[in-house]
Enquirer: 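Pasting a structure here, questions to come.
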Amino acid sequence: MKTFLQTPIEYLKGVGPQRAELLKSELAIFTFEDLLNHFPFRYVDRSVYHTVADLRTVDTAVQLRGYLIDIKETGVGRKRKLTAKFEDHTGMIELVWFQGIKWILPKLKKGVELQIFGKPKFFGAQWTIPHPEVVEYASVKQEVGLQPVYSTTEKLTDKGFHSKGLEKLIIGLLEQMPSLTETLPAYMLQEIQLMNRTTAYKQVHQPKDLNLANMARGRLKFEELFYLQMELLVRKQINVQKTSGFVFSEVGNLFTDFYNNGLPFELTNAQKRVVREIRKDFLTGQQMNRLLQGDVGAGKTLVALLTALIGIGNGYQAALIAPTEILANQHYETIAGLLEQFPVKVALLTGSTKQKDRRVLHEQLLSGEINLLVGTHALLEDVVQFKNLGIVIIDEQHRFGVAQRAKMRKKSSVPPHILIMTARPIPRTLAMNFYGEFDVSVIDELPPGRKPITTVHRMENSRLQVFGFMRDEIEKGRQIYVVYPLISESETLDFNNLMDGFEAISRAFPLPKYRISIVHGKLKPNEKEFEMQRFVRGETQIMVATTVIEVGVNVPNASVMIIESAERFGLSQLHQLRGRVGRGAEQSYCILMTGNKLSAETKKRLDTMVRTNDGFEIAEVDLQLRGPGDLMGTQQSGMLNLKIADLSKDQQLVADARAFARKILIDDPNLEKIENQVIRSILTDILKKKPDWGKIA
Ligand code: ADP
Ligand code: MG
């Protein structure tokens, strides 16, 4: 059985070496199984024929019957083009091909009734169907119900593998397919009423009707999600069993003293809850792996500090890692300020720490004199050794790679507790799948007194009003950010835009009345720092910057965020940027500046920003718009390479699959029961195949 599914694709009739290479390189189809797992993304009801006259009412691919009246080849080489006029009893349209002309030309016969299939587009003054499928009407088997539509690529189409070509291959494969071994236990199929595997594969590719197609998809999706959840839960189990951690048996005097006398304000209920959750982790004797999610401005820094103080109070060292130097400095200053009256030695280590100071730092870390080290990734270098590192807190995790986190774990014999903080709200379904091995805490409450940020969308023609608004706000004593996209810091065009913008603002806001800071990636760290500090101290009223200010920077007096070319930012990035304002008591504003021509998707992004301040809601929309892979960054998206299920659209199925997986593991943690052997063997294969993702994440 295994051997049938594992058969190399070149052994399939109609494939051959050249086409096999293409299937491999274009669609990653290496075996029969891979081809079976190339699922149709849609079905078309082939019993329905449209007419040329009713095309304007449809927006999907259609099927037409009629005759060709004119066939023309024009151009040479890359400009080569084949066009044909096609007519039915209601009117005429044009068909056009740019590729695969030699395959299609022999099929274009005049005087024979043809059936064509494709998606019509309205070009200029007439309907055109690019690259339609063409067959003789007389040859069509009329009992055909639903026709699958497969994704393909240009290169494959070129070699005759358009959707229809792939369908033919798959039909051939299904005809020789033996009955497949079931991959889910019988009791499960029964309990959730799932179709068996063999039938599911047949029906997903060649469904008798839509109902059966949906049942087949449901079965295959469930299987995929079930094993994903099983994998995550089992990895978590293994992790918990293996990794013991330090016990911080008491909260300690330091924590208590600071809590009673050092806190600048009362903690929010959400902050208190999270501290309690962390506190519990410290008592278990296992290594803590906790992810702390909280929208920008939710007050994560204070939670980080309290967490560190528990560790220090128990005689261990703590480290806090920030993604940028500016942030590390800011954390250091905040924390050193808060701890001034307390017996804690705090130190700062970043890329610009001088060699001479470093040597002292290294010694004091090794001797245990330093209790809390704040820094950037410079802190991960091998020369930085601790006496007894007990807790590591990583701020704004998404800038931190898996590799860095792994390094951090190696800094002490017993792995330190790890708290990862992120301001990027992650939709529940995703968090579950990504951080399956993490426990998740959420700060879902902003500190009191915050006014929601007012967000508006403006176009270039409102520029003068926007400048006027800026003047009014500066008059009131507020400060303003103006942010430009600089996707890649080396992009000259972006850089020029930033500089043009800076000049325009300098003209509109002249010295000596107005002072402007500018920060971008081409400045040296100390220059950036200097500019930033001028703004932080209130010496400049406007900060023109690229996205380097995206994370964490805290200037409570800044109450206006202007985002230039807002259409070029992703939704979560816009939300992050907006989070730089709204930190003080004043009403804050975010102005999204764009050009006039916006795509539907961009409009949706902007509207969402204008409508809500809720990071979780924004993350959900972002997930719908971009899909999970993009959302989480490519480095992690391997985990989400699902074949048929969709984490954003199939949320209910995800939840069901997880519940089922959990139930099984509670009942049979080591999968020893006879009826679970099938799960055990498949899961063993999965765990063997994937790199040890769990250990490093
Ligand atoms: P983030 O979660 O984005 O890291 P910060 O920790 O920077 O947020 O906190 C944002 C601001 O809110 C800071 O100025 C901080 O001093 C303030 N803050 C934090 N917790 C509270 C609280 N419980 N009450 C009032 N203000 C708070
Ligand atoms: Mg922060």
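Indexing begins at 1, ligand by ligand and atom by atom, following the structure's order. Along the sequence shown, residues are numbered consecutively beginning with 1. Predicted model only: the values in this text are computed from it and were never measured.
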Enquirer: Have a look at Ile618 and tell me which of Arg605, Arg611, Arg578 forms a side chain to side chain contact (heavy atoms under 4.5 Å, CB included) with it.
Expert: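 In the set Arg605, Arg611, Arg578, the residue that makes a side chain to side chain contact (heavy atoms under 4.5 Å, CB included) with Ile618 is Arg578.
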Enquirer: Quick one: sort the Tyr589 and Phe469 rings into parallel, tilted or perpendicular, breaks at 30° and 60°.
Expert: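 Tyr589 and Phe469: perpendicular rings.
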Enquirer: Applying ring-ring contact (aromatic ring centres under 6.0 Å, His included) as the test, list every pair that has at least one member in residues 335-362; sequence neighbours left out.
Expert: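 Only Phe258-Phe342 qualify under ring-ring contact (aromatic ring centres under 6.0 Å, His included).
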Enquirer: Which option wins on minimum heavy-atom distance to atom 1 (P) of ligand 1: Gln293, Gln271, Lys300, Met421?
Expert: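 The nearest heavy atom belongs to Lys300.
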Enquirer: Determine whether the side chain, the backbone, both or neither of Leu267 has a heavy atom under 4.0 Å from any heavy atom of ligand 1.
Expert: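 The part of Leu267 near ligand 1 is the backbone, not the side chain.
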Enquirer: Taking distance alone, with N or O pairs closer than 3.5 Å, would you say Gly294 contacts ligand 1?
Expert: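 In this structure, Gly294 places no N or O atom under 3.5 Å from an N or O of ligand 1.
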Enquirer: In terms of side-chain geometry, is the basic nitrogen of Glu531 or Lys528 positioned less than 4.0 Å from the acidic oxygen of its partner?
Expert: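 Lys528 and Glu531: not salt-bridged.
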Enquirer: So for ligand 1, is Gly299 a polar contact partner (N or O within less than 3.5 Å, distance only)?
Expert: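 Such a contact does occur with ligand 1.
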Enquirer: Are Glu527 and Lys522 ion-paired here, with the side-chain N under 4.0 Å from a carboxylate O?
Expert: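 Judged by the 4.0 Å cut-off on N to carboxylate O distance, Glu527 and Lys522 do not form a salt bridge.
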Enquirer: With heavy atoms of Thr268 as the reference, note each atom of ligand 1 found under 4.0 Å away.
Expert: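 Listed by number with element, the hits are 23 (N).
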Enquirer: Got Leu263 and Tyr259 here, is their nearest side-chain heavy-atom distance under 4.5 Å?
Expert: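 Contact flag for Leu263/Tyr259 side chains = yes.
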Enquirer: Tell me whether ligand 1 is touched by Pro556 - counting only heavy atoms on the residue side and a distance under 4.0 Å.
Expert: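 No, Pro556 has no heavy atom closer than 4.0 Å to ligand 1.
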Enquirer: In this structure, does ligand 1 have an atom that sits under 4.0 Å from one of the heavy atoms of Ala298?
Expert: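 Flag set, Ala298 near ligand 1.
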Enquirer: Can you spot which of Met532, Arg534, Gln479 makes a side chain to side chain contact (heavy atoms under 4.5 Å, CB included) with Met543?
Expert: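 One option only clears the test, and that one is Met532.
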Enquirer: Under 4.0 Å from a heavy atom of Glu266: give me the atoms of ligand 1 that qualify, with their elements.
Expert: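 Under 4.0 Å from Glu266, ligand 1 has these atoms: 22 (C), 23 (N), 24 (N).
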Enquirer: If you measure from each non-hydrogen atom of Arg583 to ligand 1, which part falls under 4.0 Å: side chain, backbone, both or neither?
Expert: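 Within the 4.0 Å criterion, Arg583 contacts ligand 1 through side-chain atoms alone.
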Enquirer: Show me which atoms of ligand 1 lie under 4.0 Å from any heavy atom of Thr301.
Expert: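 This gives 4 (O), 5 (P), 6 (O), 7 (O) as the contact atoms.
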